[in-house]
Amino acid sequence: MERFLYSDNEKRYHTYSYELRKKFGKKVAKVALNAGFSCPNRDGARGFGGCSYCSAQKSGDFAGNPQIPLRTQFEIQKNQTSGKWPDTDYIAYFQAGTNTYAPLKVLQQCFEEALSFPRVVGLSISTRPDCLPCRICDYLAELNTRTYLTVEIGLQSIHDVTAARINRGHTYKNFLEGLDQLSSRGIRTCVHLINGLPGETSGMMRETAQVISTLPIQAVKIHLLHVLENTPMAEEYRSGKLALLQKEEYVSIVCDQLELLRPDIVIQRLTGDGDHSLLLGPFWSCNKRDVLNSIDREMVRRNSFQGCRYNL
């Protein structure tokens, strides 16, 4: 097979590192920040308890401590990477909670402060599709003229039956409405997916990838479902109502999804793990390097690449 179009190495999918090198001509790293934002699926605006898989850290288990100033959070994480990548620029990543779920003035203070940090060249803002009102999207559109902005939208699955089972608090229609608010303003979007959600078949997971490939998105993050202690899903898992994917199943599904995704869509992530001190499974997720290498090997075995089945 010839080298994949969106690659400068042997990868057969459109990696985030390739995209950032192409954009900035150098290594750019994400620094996860925690501004302490809440979530409408926890405080009663959309629901209570949050998504059934979500930890008390609101999907920010590896983000900073919200009790510490943002600049200090940034400096701590930057110092951890500076030895490995000395000549590095940074993207400030607002990860934990719903990072457009606050008054506009509060959001402006946080995002503008992050842009003032040394060598920050962009922002990634993680949010829900039902938290994108026009006034905030107008501000994001203005930000987009000044920096490399990506808004990350949690979808997880296009299937409403799955969303209801995990207490997601919004529908696929809500997702499309939120995406339209961003895409109509020319804002770069990254969609989060989770494989292995309760009741989902491999066919449903493939369908999610196939459908989102038709949408005006620029990037995808694919995670596996992992179960953490002190979540509603932990009880479901202990009671035997939830079976977790084996590594071989996960690798096969991800490769299927890569084949269905448009080749221009940036793959920001292909696996993930939770806080190891709280993890109930799957434990194979702790070795991310092995998971990624297994995906690479399977793509080679198939003589396959991202997008080879797109639109078939």
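Residues take their numbers from the sequence shown, with the count starting at 1.
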Measure the acute angle between the ring planes of Tyr250 and Trp284, then classify it against the limits of 30° and 60° as parallel, tilted or perpendicular.
tilted

For residues 187-194, run the donor-acceptor check on the side chains, cut-off 3.5 Å, and write out each pair with its distance to 0.1 Å, sequence neighbours left out.
residue	atom	partner	partner atom	Å
Arg188	NH1	Leu149	O	2.7
Thr189	OG1	Gln218	OE1	3.4
His192	NE2	Glu152	OE1	2.7

Flag side-chain contact, heavy atom, 4.5 Å: Leu244 against Leu242
yes

Can you measure from CG (Asn167) to CZ (Arg46) and round to the nearest 0.5 angstrom?
13.0 Å

Please answer whether the main-chain N or O of Pro133 pairs with a side-chain N or O of Gln181 as donor and acceptor at a distance below 3.5 Å.
no

If two hydrophobic side chains count as joined below 4.5 Å and joins carry through other members, does Val161 share a cluster with Met205?
no

So, Asp138 and Arg185, do they make that salt bridge, N to O below 4.0 Å?
yes

Which heavy atom of Pro263 sits nearest to which heavy atom of Gly307, and what is that distance?
CD-CA, 4.0 Å

So, does Arg71 use its side chain to make a donor-acceptor pair with the main chain of Glu113 at under 3.5 Å?
no

Would one find more than 12 heavy atoms of other residues, nucleotides or ligands at under 6.0 Å from atom NZ of Lys26?
yes

Same apolar cluster (I L V M F W Y, side chains within < 4.5 Å links), Leu182/Leu104
yes

Is there side-chain contact between Met233 and Leu280, with heavy atoms separated by less than 4.5 Å?
no

Is there a side-chain contact between Val220 and Gln257 in this structure, where contact means two heavy atoms from C-beta onward sitting under 4.5 Å apart?
no

Whichever hydrophobic residues join Val266 through chains of side-chain contacts under 4.5 Å
Tyr16, Leu20, Phe24, Val28, Ile91, Val121, Tyr148

What do you reckon, is NZ of Lys105 surrounded by more than 12 foreign heavy atoms closer than 6.0 Å?
no

Please examine the side chains of Leu155 and Tyr172, heavy atoms only from C-beta on, and report whether any two atoms are closer than 4.5 Å.
yes

Closest contact, heavy atoms only, Asn34 versus Gly36
OD1-N, 2.9 Å

Looking at Leu33 and Phe74, what are the two nearest heavy atoms and their distance?
CD2-N, 3.8 Å

Taking Thr171 for the side chain and Asp160 for the main chain, is one N or O donor matched with an acceptor at less than 3.5 Å?
no

Tell me whether Arg146 at atom CZ has more than 12 heavy atoms from other residues, nucleotides or ligands lying less than 6.0 Å away.
yes

Check the hydrophobic clustering (I, L, V, M, F, W, Y; side-chain heavy atoms under 4.5 Å; chains of links allowed) and say if Leu224 and Ile295 are grouped together.
yes

Does Cys54 form a side-chain contact (heavy atoms from CB on, under 4.5 Å) with Arg42? I'd like the steps, not just the answer.
CA-CA 10 Å; Cys54 194; Arg42 288 176 178 265; 3.4 Å; yes

Any chain of hydrophobic side-chain contacts (each under 4.5 Å) joining Phe305 to Leu5?
yes

Hey, are the side chains of Ser202 and Asp256 touching, using non-hydrogen atoms and a 4.5 Å cut-off?
no

Looking only at heavy atoms, the pair that brings Gln73 and Asn65 closest together is NE2-O, 2.9 Å

So, taking the atom named OG in Ser285 and the one named NE2 in His226, what distance separates them when rounded to the nearest 0.5 Å?
7.0 Å

Do the side-chain N and O atoms of Ser157 and Glu200 include a donor-acceptor pair separated by under 3.5 angstrom?
yes

Under 4.0 Å between a Lys/Arg side-chain N and an Asp/Glu carboxylate O for Arg12 and Glu298?
no

Gap between atom OG1 of Thr150 and atom CG of Asn144 - 0.5 Å precision:
8.5 Å

Tell me the closest heavy-atom pair linking Ile265 and His14, and the distance in Å.
O-CB, 3.4 Å

Measure the shortest side-chain to side-chain distance between Leu215 and Phe175 over non-hydrogen atoms and say whether it is less than 4.5 angstrom.
yes

Mark yes or no for whether Thr214, through its side chain, and Val211, through its backbone, hold a donor-acceptor pair below 3.5 Å.
yes

How many angstroms lie between CD in Gln268 and OG in Ser17, if you round to the nearest 0.5 Å?
11.0 Å

Rounding to 0.5 Å, atoms CD1 (Ile212) and CG (Leu176) come to a distance of 11.5 Å

Could you check Thr127 against Tyr101 for side-chain contact (heavy atoms from CB on, under 4.5 Å), going step by step and ending with a plain yes or no?
CA-CA 8 Å; Thr127 190; Tyr101 187 52; 5.9 Å; no

Checking side-chain contact (heavy atoms from CB on, under 4.5 Å) for the pair Thr98/Phe37: CA distance, chi angles, key distance, verdict?
CA-CA 6 Å; Thr98 302; Phe37 293 124; 5.6 Å; no

Are Arg302 and Glu259 packed together at the side-chain level, in the sense that at least one heavy-atom pair is separated by less than 4.5 angstrom?
yes

Pairing of Asp296 and Lys11 as salt bridge, 4.0 angstrom limit
yes

Check for a donor-acceptor pair, side chain of Thr231 on one end and backbone N or O of Tyr53 on the other, with a separation under 3.5 Å.
no

Ile125 side chain near Leu107 side chain, heavy-atom distance below 4.5 Å
no

So does Tyr90 get a backbone contact from the side chain of Arg119, meaning a donor-acceptor N/O pair under 3.5 Å?
no

Classify the side-chain pair Ser294/Arg297 by whether it contains a donor and acceptor separated by less than 3.5 Å.
yes

As an exercise, state the distance from CD of Glu112 to CG of Leu143, rounded to the nearest 0.5 Å.
5.5 Å

Quick one, Arg206 with Leu260, criterion side-chain contact (heavy atoms from CB on, under 4.5 Å). Give me CA distance, side-chain angles, the key distance, then yes/no.
CA-CA 8 Å; Arg206 287 193 293 268; Leu260 293 165; 4.0 Å; yes

Show the nearest heavy-atom pair for residues Thr147 and Gly122, with the distance to one decimal.
OG1-CA, 3.2 Å

Indicate yes or no for a side-chain donor-acceptor contact from Ser7 to the backbone of Phe4 under 3.5 Å, with no hydrogens or angles considered.
no

Would you say Leu197 and Met204 are hydrophobically clustered, going by side-chain heavy atoms of ILVMFWY under 4.5 Å?
no

